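Quick notes on the structure that follows.
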Amino acid sequence: MRYISTRGNAAPQAFCDILLGGLAPDGGLYLPEIYPQITRAELDAWRQLSYADLAYEILSKFITDIPAVDLKALVAKTYTAQVYCHTRNGGDAAQITPLTKLEDGLYTQELSNGPTLAFKDMAMQLLGNLFEYVLDKRGEAINILGATSGDTGSAAEYAMRGKHNVKVFMLSPDGKMSAFQRAQMYSLQDENIFNIAVTGMFDDAQDIVKAVSNDAAFKAKNKIGAVNSINWARVAAQIVYYFQGYFLATQSNDEQVAFTVPSGNFGNICAGHIARQMGLPIARLVLATNENDVLDEFFRTGVYRPRTSVETSVTSSPSMDISKASNFERFVFDLVGRDPAVVRELWAKVDKGEAFDLSATAHWAKMPQFAFVSGKSTHNDRIKTIRFAQGRYNVMLDTHTADGLKVALENRLPGVPMVVLETAQPAKFEETIREALGTEPVRPADLKGIENLPQRVVVMAPDVTAIKQFVVDHL
Ligand SMILES: Cc1ncc(COP(=O)(O)O)c(C=O)c1O
Ligand SMILES: N[C@@H](CCOP(=O)(O)O)C(=O)O
């Protein structure tokens, strides 16, 4: 399998080569040349598999330059009940991403049972093991520059801490994350971890990561790598749990399922889109945003209007406070018939801070075949939904999953099970849970009191030159 850029001006690459980089050299995002198609016989055989075996079957279609025996071992080491041990609601940890039944035909899928209690662990734990494997084989090291709105950062730091050939420089929006999220990252004292709180929003931090990734000379000289979902491996690993969710919500492969995905940077739902393109019977992909509704606006109107940082709200589902969704470019590449010239033209506007409007184009007419619908949720909706889920189902939701459930309930299809992806645990957003329910979420023992630990973070302006210098000074 080889990977091409959405902007069409980069040579096709193998998986291990794009694993260590971020953006393609032409500023685009990598995607497989073609999406592998799943046969009915494969789907039937996969229904019986453990999560790790399923992950191997799916990932081996995308990763063809790691020997099968090594890939199998890496995947088996990643997806264990010990790593994804933080189950709640009676879920079976051996299933890695078990479903919680809310009522007939309505489920949440627990994606946040890993070390940092958010769905990012699902891909990041694999990335940590893949990086280590490829770097050891090549005798190389990597310096990761990442951006987080709250969860990618801690997932990456937990996956990479203590690894001898990896350093992590993580940019986060100063003061915009929950106290728990801040403590999870800033309390790490490992020498290979550097936290930089940027005086701005997540999009400012992500712009810096992209600017550095676009500086080919700096990137090569300083061995800069990426762990955000601009890295294809993140998306690939996330495809697996859509298959697992489908198998757990259905009795046979003749059925269809709908997924609702709390969305910000479009990485999670992009994996669902690819699972569907591979042939997984997904009837509908429901995209849920918070008040920062740039993606909901696009799926309702055909207009993509990225907002500035000033126009971006700080909300109680802070990990989705994103107004320029990186991975959306991957979906638009498919929507416009994989024509890189169209993507280049559209992103020339986005990169200047301008909007684009597809509503009157032939591309927009093709939207129904991609089966997306969308909706939005506000702070009041979130609070109401957390109370509703607790009262009706005795299930405590985090704020992002509450956004998902609110939009899911508006978009159910008769006879089609709806699976809402649970993207984080309530323990990460104690302040809002207290506001909604007047109680504290239960915390895993290993994370009690982390806010009281000493923190290690530097605060910097969102200045590319200064941040490059910080990286160089700490190599
Ligand atoms: C808890 C949580 N929910 C939802 C999202 C949105 O996911 P994506 O950015 O892949 O759309 C994120 C961050 O990305 C998150 O951390
Ligand atoms: N919500 C994310 C933002 C980064 O998204 P990514 O999936 O591109 O890494 C976060 O919590 O950091």
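The first residue in the sequence is number 1, and the count goes up from there. It should be emphasised that the depicted structure is a prediction, and the values quoted were computed from it without experimental measurement. Start at 1 and go down the list; that is how both ligands and their atoms are numbered.
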Task: Distance under 6.0 Å and angle within 45° of ring axis: Arg161 vs Tyr158 - done: yes
Task: atom 8 (P) of ligand 1: the protein heavy-atom neighbour that sits closest, reported with distance to 0.1 Å - done: Asn265 N, 3.5 Å
Task: Whether over 12 other heavy atoms sit under 6.0 Å from Lys163 NZ - done: yes
Open item on the list: Side chains of Ser377 and Asn290: any donor to acceptor distance under 3.5 Å?
Closed with: no
- [ ] Look at ligand 1 and say whether Pro262 reaches it with a heavy atom at a distance under 4.0 Å.
- [x] yes
Open item on the list: Give me the nearest non-hydrogen protein atom to atom 7 (O) of ligand 1 as residue plus atom name, then the distance to 0.1 Å.
Closed with: Phe119 CZ, 3.6 Å
Open item on the list: Under a 4.0 angstrom heavy-atom cut-off, which atoms of ligand 1 come close to Ala424?
Closed with: 1 (C)
Open item on the list: Does either side chain, that of Ser309 or that of Asp203, offer a donor lying less than 3.5 Å from an acceptor on the other one?
Closed with: no
Open item on the list: Is a donor from one side chain sitting under 3.5 angstrom from an acceptor on the other, for Thr6 and Glu329?
Closed with: yes
Open item on the list: Tell me the protein heavy atom at minimum distance from atom 10 (C) of ligand 2, and give that distance in Å.
Closed with: Ser149 OG, 3.2 Å
Task: Test of proximity, Asp398 against ligand 1: N or O pairs below 3.5 Å - done: no
TODO: Report the member of Gly153, Cys270, Ser319, Ala118 with the shortest heavy-atom distance to atom 15 (C) of ligand 1.
DONE: Ser319
Task: Polar contact flag, side-chain donor to acceptor under 3.5 angstrom, Asp321-Asn292 - done: yes
Task: Sub-4.0 Å heavy-atom approach of Gly150 to ligand 2 - done: yes
Open item on the list: Suppose I only count heavy atoms of Thr148 and a 4.0 Å limit; which atoms of ligand 2 are within that range?
Closed with: 10 (C), 11 (O), 12 (O)
- [ ] Please confirm whether Tyr3 and Tyr30 have ring centers closer than 6.0 angstrom.
- [x] no
- [ ] May I ask you to check if Arg382 and Phe388 form a cation-pi contact, with NZ or CZ under 6.0 angstrom from the six-membered ring centre and within 45° of the axis?
- [x] no
Task: Polar contact flag, side-chain donor to acceptor under 3.5 angstrom, Ser5-Asp26 - done: yes
- [ ] List every atom of ligand 2 that sits less than 4.0 Å from any heavy atom of Phe202, numbering the atoms from 1 in the order shown and giving each element.
- [x] 3 (C), 4 (C)
Task: Side-chain ion pair, Glu297 and Arg305, N-O less than 4.0 Å - done: yes
Task: Under-4.0 Å salt bridge between Glu291 and Lys376 - done: no
Task: Test of proximity, Asp151 against ligand 2: N or O pairs below 3.5 Å - done: yes
Open item on the list: Test your reading of the structure: does Asn327 have an N or O sitting under 3.5 Å from an N or O of ligand 2?
Closed with: no
Open item on the list: I'd like to know whether ligand 1 has Gln238 as a neighbour, heavy-atom separation below 4.0 Å.
Closed with: no
Open item on the list: Checking a contact table here: which protein heavy atom is nearest atom 10 (O) of ligand 1, and how many Å away?
Closed with: Asn268 N, 2.8 Å
Open item on the list: So if I count the atoms of ligand 1 from 1 in the order they appear, which ones are less than 4.0 Å from some heavy atom of Met320?
Closed with: 4 (C), 5 (C)
Task: Numbering as shown, the atoms of ligand 1 that approach Ser263 to under 4.0 Å (heavy-atom distance) - done: 6 (C), 11 (O)
TODO: Consider every N or O of Gly264 and every N or O of ligand 1, then say whether any pair is closer than 3.5 Å.
DONE: yes
Open item on the list: Does the residue Met320 have a heavy-atom contact with ligand 2, meaning some pair of atoms that are separated by less than 4.0 Å?
Closed with: no
TODO: Distance to 0.1 Å, residue and atom name: give those for the protein heavy atom nearest to atom 16 (O) of ligand 1.
DONE: Asp151 OD2, 2.5 Å
TODO: Let me know which of Thr432, Ile433, Asp398 forms a side chain to side chain contact (heavy atoms under 4.5 Å, CB included) with Pro441.
DONE: Ile433
Task: Working for salt bridge (Lys or Arg N to Asp or Glu O under 4.0 Å), residues Asp215 and Lys468 - done: CA-CA 11 Å; Asp215 182 343; Lys468 277 179 170 168; 2.6 Å; yes
Task: Those atoms of ligand 2 less than 4.0 Å from some heavy atom in Arg234 - done: 6 (P), 7 (O), 9 (O)
- [ ] Note the single closest protein heavy atom to atom 8 (O) of ligand 2, along with its residue, its atom name and the distance in Å.
- [x] Ser229 OG, 2.6 Å
- [ ] Could you tell me the residue and atom name of the protein heavy atom closest to atom 14 (O) of ligand 1, and the distance to it rounded to 0.1 Å?
- [x] Lys120 NZ, 2.5 Å
TODO: Please write down residue, atom name and distance for the protein heavy atom closest to atom 3 (N) of ligand 1.
DONE: Thr423 OG1, 2.8 Å
Open item on the list: What I want to check is whether the side chains of Gln206 and Ser149 have a donor and an acceptor closer together than 3.5 Å.
Closed with: no
Task: Check ion pair Asp121-Arg234 (N to O, under 4.0 angstrom) - done: no
Open item on the list: Taking only non-hydrogen atoms of Ser319, do any sit less than 4.0 angstrom from ligand 2?
Closed with: yes
Open item on the list: I'd like to check whether Gly267 has a polar contact with ligand 1, where a contact means an N/O of the residue lying under 3.5 Å from an N/O of the ligand.
Closed with: yes
